[in-house]
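Structure record follows, encoded as structure tokens.
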Amino acid sequence: MVFLICLTIGLITAFVGSIMGLGGGIILIPTLLLVSSFLDSFSWVTPQSIVGISLIAMIVTALSSTLSYAKVKRVDYKTGLLFLTGSIPGGAIGSWLNQFVDSKSFLLYFGVLMIVISLIFFIKRDRNPKKEFTGDEKGVRTFELFGETYRYRVPILGAFVLSLIVGTLSGLFGIGGGSIMVPAMILLFGFPAHIATATSMFMIFFVSIVGASTHIVLGHIAWEYVLFFIPGAWIGGKLGAKVNQLLPGKVLEWGLRVILIFIGLRMIYQGLS
């Protein structure tokens with residue numbers, strides 16, 4: 001029974017996380033907490049073991065979905081690596097700062113931030129990323145999607161500063177950076193939604209490895225249960241990436257709005273409880 005429940009949770013969270021480029025941890029963690037409050041067979045669940053399981057599962061999910069996205073050339077590797085230069089040290093800084101802050105208050109503020117970001121998506125954008133660049137300018141990235149050409153440019157300094165801030169917030173709040181990075185890529189740099197989600201999963205793979213390594217050293221990984229989540233995480237990551245490729249960009253943006261509102265409300269609830 002435990003195996004089937006873990007397999008199902010891993011499958012669903014990886015599926016949703018892969019579609020939206022969020023990794024799935026933001027759904028897996030509260031789900032496990034909820035299940036542990038009802039079933040004695042999940043009494044082994046602790047905050048540390050949940051985070052460890054989530055990070056291991058996200059490594060598998062991110063690898064699975066990235067391989068699928070890579071086959072259809074949706075991953076912007078160059079920009080993804082650029083973002084990693086800030087998000088990895090930022091995650092370490094945020095994790096260190098976490099011990100000095102009132103987590104309840106910050107969860108509340110973070111929840112509000114997520115809802116504000118989701119509402120920003122409703123603002124009409126006059127800028128058309130497809131026509132802003134000709135493709136001859138230095139640093140312009142070009143992708144073909146559904147028969148259309150999309151171009152955008154990510155300044156090196158801007159990418160580093162943004163990813164450093166996102167990484168710090170991720171470490172501080174214990175939440176995957178995809179929930180902030182994907183909207184930022186779309187709204188600030190003009191990424192097409194499909195490229196943003198695929199590139200986010202590519203980044204999450206490396207960030208999760210760094211985070212999971214820390215928890216492995218600290219002995220927080222419940223290996224006998226982690227293995228139950230891996231098959232679902234792999235399959236869910238593959239399925240999510242496939243579904244993502246079939247959905248129009250507008251559908252992905254709407255889905256991201258809903259997920260961000262869900263995340264925001266959950267964080268606010270945690271901050272007030």
Side-chain angles (χ1 to χ4, degrees), residues 9 12-13 16-17 19-38 42 45-55 57-58 83 86-123 161-188 196-197 200 203-204 207-208 210-211 214-215 218 220 253-273:
I9 292 174
I12 294 174
T13 56
V16 176
I19 290 178
M20 300 301 168
L22 306 179
I26 189 61
I27 304 172
L28 186 147
I29 291 175
T31 302
L32 270 182
L33 284 173
L34 180 64
V35 171
S36 66
S37 65
F38 288 101
F42 282 81
V45 169
T46 64
Q48 291 77 23
S49 67
I50 287 180
V51 173
I53 287 173
S54 175
L55 288 169
M58 280 198 290
F83 282 133
S87 59
I88 289 179
I93 294 171
S95 298
W96 178 75
L97 289 175
N98 180 267
Q99 60 186 314
F100 302 111
V101 301
D102 176 4
S103 59
K104 291 288 185 180
S105 298
F106 273 85
L107 281 172
L108 177 62
Y109 299 145
F110 187 84
V112 173
L113 174 64
M114 289 293 94
I115 292 177
V116 169
I117 291 175
S118 70
L119 294 177
I120 291 176
F121 272 102
F122 288 95
I123 298 176
V161 172
L162 172 66
S163 59
L164 182 66
I165 293 172
V166 171
T168 301
L169 289 173
S170 300
L172 183 63
F173 294 111
I175 186 174
S179 58
I180 305 177
M181 186 57 77
V182 173
M185 286 191 283
I186 295 173
L187 296 173
L188 298 181
T197 53
S200 174
M203 294 163 52
I204 286 172
V207 174
S208 297
V210 174
T214 302
H215 285 275
L218 294 174
H220 292 165
E253 289 192 18
W254 269 101
L256 190 58
R257 289 186 187 113
V258 173
I259 294 293
L260 290 176
I261 291 174
F262 168 77
I263 294 172
L265 292 176
R266 188 178 73 84
M267 292 296 177
I268 292 173
Y269 173 77
Q270 283 184 292
L272 293 176
S273 61

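FYI, side chains are in, hydrogens and waters are out, and symmetry mates aren't considered; it's all heavy atoms of this structure. Since the structure is predicted, the reported quantities are computational estimates derived from the model, not experimental observations.
With sequence neighbours excluded, the residues that form a side chain to side chain contact (heavy atoms under 4.5 Å, CB included) with Ile165 are Val161, Leu169. Residues satisfying the side chain to side chain contact (heavy atoms under 4.5 Å, CB included) test with Ile88, not counting sequence neighbours, are Leu84, Val207, Val210. Listed by chain and residue number, Asn244 satisfy the side chain to side chain donor-acceptor pair (under 3.5 Å) test with Thr197 (two or more places apart in sequence, or in another chain).
A donor-acceptor pair is defined here as one N or O able to donate and one able to accept, closer than 3.5 Å; no such pair exists between the side chain of Ser200 and the backbone of Ala196.
Rounding to the nearest 0.5 Å gives a distance of 4.5 Å between CE of Met181 and CG of Leu162. Annotation: the span from Leu265 atom CG to Ile115 atom CD1 amounts to 4.5 Å, rounded to 0.5 Å.
Nearest approach of Gly86 to Ser163, heavy atoms of both residues: CA-OG, 3.2 Å. Scanning both residues, Leu108 and Ile268, for their nearest heavy atoms gives CD1-CG2, 3.6 Å.
The side-chain heavy atoms of Met58 and Leu28, taken from C-beta on, include no pair separated by under 4.5 Å. Taking the side chain as every heavy atom from C-beta outward, Phe83 and Val166 never approach each other to under 4.5 Å.
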